[in-house]
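Below, read A as the first sequence line, B as the second, and so on, with proteins coming before strands; counting in each chain starts at 1. Just so you know, these numbers come straight off a predicted model, no measurement behind them.
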Amino acid sequence: MLRKWFVSIVVFLVMTMLGLALVGFDGKQLEAAPSKVRVGAIYSIANPERAGGWDRAQFAGLQILTKEYGWEVSIAESVPFPKLAEIASGYADKGFEIVVFTSSGHYDGLAEAAPKYPKTNFLMMSVASKLPEVPNVAAFSPDMYIYGALVGITAAKASKSGVIGVVGGVPIPALKLMFSGIIEGARSVRPKVDVIVSWVGDWVDLAKHREVTLLQARKGADVFFTVTGPGTMGVYEAVESAKGLVIGYAADWHSDAPKAVLTSVLVDVRKMYKEMADAFLAKTLHRKITKIDASYFKLADFRGKVSAGVEKDIQDTINKIQRGEITIPVKMHPDIVGK
Amino acid sequence: MIESWWVDLLLAALRAATPLIFCALGILVAERAGVLHIGVEGVMLAGALAAIIGTVLGGNPWAGMLATIAAGIIAGIILAFISVSLPTNQVVIGIAFNLVSLGVTSFLFRLLAKQLQVLVPAIPPLLFGLSPFALAAIVLIVVMWWFLFWTGPGLKLRSVGENTHAAHASGINVVYVRFAALIIASVLAALGGAALTMGWVRSFTDNVTLGRGFIALAAVYFGRWNPLLALSACLIFGAGEALAFRGQGTGAGLNPHYYLMLPYILTLLVVGLAGMARGPGDAGKPYLRR
Amino acid sequence: MAGGTVRAAKAVMHNKHVVNMEAITKTFGIVRALDKVTFVLDAGEIRGLVGENGAGKTTLMNILYGMYQPDDGNIRVWNEDVSRNWSPRLAIAKGIGMIHQHFSLISNHTVLENIVMPTLKWGDIVPQWKRFASQIETLCGEYGFKVKLHERSEVLSVGERQQVEILKALYQGARVLIMDEPTGVLTPQQAKSLFELLLRARERGHSVVLVTHKLNEAMAISDRITVLRGGKHIATVEKRSTNPQEIAKMMVDREWISPVMRNQPPARPQFVMEVDGVTIEEKHREPVVENISLSIGAGEILGVAGVAGNGQMELAEVIVGLKKPKSGRIFIGGKNVTRWSIRNRRRAGLGYIPEDRHTHGVITEMTVGENLVLDCVENPPYSQWGITRPWAIDKWAKEAVQSYGIKTPGINVPVANLSGGNQQKVVLAKALSMNPKILVACQPTRGLDFSATEYVRKKIVECAESGVAICLISSDLDELLELSHRIVVMFQGKIVGEFSREGLNLDQLGLLMAGHRSG
Ligand SMILES: Nc1ncnc2c1ncn2[C@@H]1O[C@H](COP(=O)(O)OP(=O)(O)OP(=O)(O)O)[C@@H](O)[C@H]1O
Ligand SMILES: [Mg+2]
């Protein structure tokens, strides 16, 4: 009896530790050049380099800091929300000058840590509508509505059937805003367009993402767009199986599904991160929400997925928006979530 | 649009059920031999990754199948060694195995992320729009039912699960049988993982199985350790998932959360309705020869 | 079966040693169950194996059958050294069959499956069930057995289960039959026919090992008797040159005084338990108990006689609440308890010694101490405000182990590790410790050695003297005659006769048990 329990407990402990050690594979260092500016970036997902659009784009932005500024960047992955402040404080304690939060959901962590470390800059590199009342914080907040409008315009013009499939992970406010933008953007160039919005219920389940998307294809959708977590590949799989086209979110997704990706609406992270870095160096990184507007968004290469004419048409329309010649009035569509 | 809504629903349900069916088959073999197969989730995950690695690195689906089976055998040997040969508490070891498998697969996936972030080639449907995996799953369920209840080895296997003492007294080597059963069970569970990644979503992410192994466990318990009933439980769950998404599109204007809860509510209902099912008599009891 | 080959073998093997176990030693943890025991069995002999509870009889036979691996010693079967890798599979192949003290039938499987399973091979994809069934039926005819082949073995009575076990061994072609306390559950008639069967088997050259506590049985049919005591081989004697007194002395190292303890019936019994017109039906079948009415007074012992399987077990289960009657009422102390839960009946003072100790008596994985307090752990002094008090439990458990003479290395040993008789003592201690007002005792001394039997019977009489109403269900007629004030006879679910102690007529009792109506 004793032996049995002893062995059970030992085996359990060892395996659990091994398991946790491997799951929590965090604190990965990018190639660090010796330099005095150190940046700590916090993700709640694993492996941001290969993850969904926004995280992947930011990863590229962070690399610009190392490559072009010679800064040292440390990345914490898979940080659960309750641990955010702790990890951020850890960076501040070690003398990191900048702590980057990568998701709008991280606001509470930022608000908790920032007041305790006035010498460190705490940055929200995602949608933010407010900031804590301390000077050492700033946000670079993308305009999700106009981003959505650009996606909507691209999709509406590229679609043959006039039906667009939009798949969201979980209905959070930022996505409701963006998807409303898609509907309005699409209608602005093609009034009769049909935009189907579906929610998967989580960010991760590949199979569910696939089935939701496939259902939209059955309803006639031929151009798709998705914002979700690791489940993205499920959407892309369904699009490829249904011979549709998908617009990538934030980063260029071409290499992930070459046959299915129409283009991607990129976020100019280089511009965004350079602004941040320059402001830091010039000591002008003040408490401010910088709006990441249409001028930061641009289309990736279409690689011949639509005719040159259509491509030019899309590009022209987007340029007009960026120049302010066309405006898409903000109109919310609460019905995409239901009651 | 040519196929009717019903056919479409049925196919979707079967797609969702296929990985569950394979896992349920594995659980059936193990638990009929008296070993609780809590580690099924971890084995499934390992199989899911192995299938993708095999297909990508080996260049074709057969390599993927081979890798899956190899992963199943290795996982089975590990589980069998710890829970049958040592033996230790089967529940504890199952839970620990799931954790380790999650860690190891995430780690390997990270190492090979650059190669694996692709869609593997689709496996074309074989018959009536059914994938080879779905067909195999249904055939295997019937074979399993026949094997367990109509053949000599099936009877001997069930004897080990019902009463180790009696099985031993009848000249059966309980340790060997349990060992072999766990290996077969693990290969089946690994195939369940392959059915998910290789046969369905064509890619892998961390923890891609997301508790499907446990749902298969629930299906087996609901099915009172009978393959045919377990099959229907898997199908009910698959249908729940398929209906959940179809509900969203009906324009009833309900919050999608209500529809998305459907499969889980169905599982609860089904398990609740199954009531106090009694499993094989000696399932879960470590066996020690004197 | 393999009759021809056996007869041929008999000629060759005659007077050869079938089994030759030398210096067998086996320890379980700190318990030395067998200490250099030598056991030699000849072809065509019936060997009695006797010893007190915990003497090591079952362990020795389990080693012979390959269930346990000896720590030390040699085993030769048919003159072939099999000490290495000996297992039940090989034992079966060598023609050794064992009927365990606690049967090893798989309750969820049918009788047919149970009998055939050991002979099936891993490659038997399509078993010939029809052929097997007819073979078994032939065998049944040969030995005069009646079994329902397609019944799940769970629903069989203990007597029927034993028949299945014997059939199983015979079907395997066993030429050495090991029977671990086979008669404990049988009526005298059944025991007699079992012995006839064993004698017939001997005629065919089979060897039999009969483990028993009943010295008269051992004396009746065995050729030689081996006595074990405390794991040691004491002697193997020819039956002709010994007598029960001598053997008993070897077993316990003291003289055997046959017990006579006729207690006095209460003068004017006040009825504390009444069963009124109870009928029990199994699913879709004829009633197993039909319109039975009984009443038992305080201090009275009512004996229920009958061949196992005539509804006694069901009657007991209805009284304690394990089964629901189809009709009829049960009163305890004047209250109608027909719809009460088992727990409430227990609270009302109903104690139960079940027939099958493994299903209802003890939880074999739990320790002796835990089992002893299982029914009363929620009451003071074993717990207070819902929290158990381990020291109180330990203290009481130690007392019980002492006073009931339970042979165990300690109270923290799982009950599964105890010898069969000692498990029974745990069941008894558990039931009596509740100070019941009514006690339903089914086969309370089954599997006990005679000193323990004596002790249990004394306990039962003491209980009755202190005013407990006792319903004693037993297939051991001696026991019934010795203890009961009144005896009712059950046959096919009905009460077919009632005797007071004075008006007892043994012949008539036997006839009634066998189903012959008087007058
Ligand atoms: N599986 C076991 N684990 C630990 N101890 C055991 C085990 N089986 C038997 N023993 C111990 O070995 C000793 C001999 O037990 P055994 O069952 O052989 O006695 P027995 O002669 O058959 O007695 P009984 O007449 O009560 O059946 C006992 O002290 C018992 O407690
Ligand atoms: Mg015994």
Could you look at A:Lys208 and say if it's the side chain, the backbone, both or neither that has a heavy atom under 4.5 Å from chain B?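 Both backbone and side chain of A:Lys208 come within 4.5 Å of chain B.
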A:Leu214 versus chain B, heavy atoms under 4.5 Å apart: side chain, backbone, both or neither?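 For A:Leu214, the contact with chain B is made by the side chain alone.
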Just wondering, are more than 12 heavy atoms of other shown residues or ligands nearer than 6.0 Å to NZ in A:Lys305?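 Above 12, so yes.
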Dump the intermediate steps for side-chain contact (heavy atoms from CB on, under 4.5 Å) on A:Asp256 and B:Val118, then the final yes or no. CA-CA 5 Å; A:Asp256 295 84; B:Val118 289; over 6 Å; no
Look at A:Glu211 together with B:Arg246 and state whether they make a salt bridge at an N to O cut-off of under 4.0 Å.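 Not counted as a salt bridge, because no side-chain N and carboxylate O are separated by less than 4.0 Å.
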Salt bridge or not between A:Glu77 and B:Arg110? Use side-chain N to carboxylate O under 4.0 Å.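 Result for this pair is yes, salt bridge flagged.
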Under a 4.5 Å heavy-atom cut-off, does chain A meet the side chain of [X], its backbone, both or neither?
X        : result
B:Phe204 : backbone
B:Leu119 : both
B:Ala122 : neither

Testing A:Arg210, A:Glu237, A:Met233 for side-chain contact (heavy atoms from CB on, under 4.5 Å) with B:Ser203, which one passes?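 So, applying the side-chain contact (heavy atoms from CB on, under 4.5 Å) to B:Ser203 and each of A:Arg210, A:Glu237, A:Met233, only A:Met233 qualifies.
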Is there side-chain contact between B:Thr205 and A:Leu206, with at least one heavy-atom pair below 4.5 Å?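 SC-SC contact between B:Thr205 and A:Leu206 confirmed.
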Residue among B:Glu241, B:Arg212, B:Gln117 with most heavy-atom pairs under 4.5 Å to chain A: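 Most heavy-atom pairs under 4.5 Å with chain A: B:Gln117.
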Between CG on residue B:Asp206 and CG on residue A:Asn47, distance to nearest 0.5 Å: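 That separation rounds to 7.5 Å.
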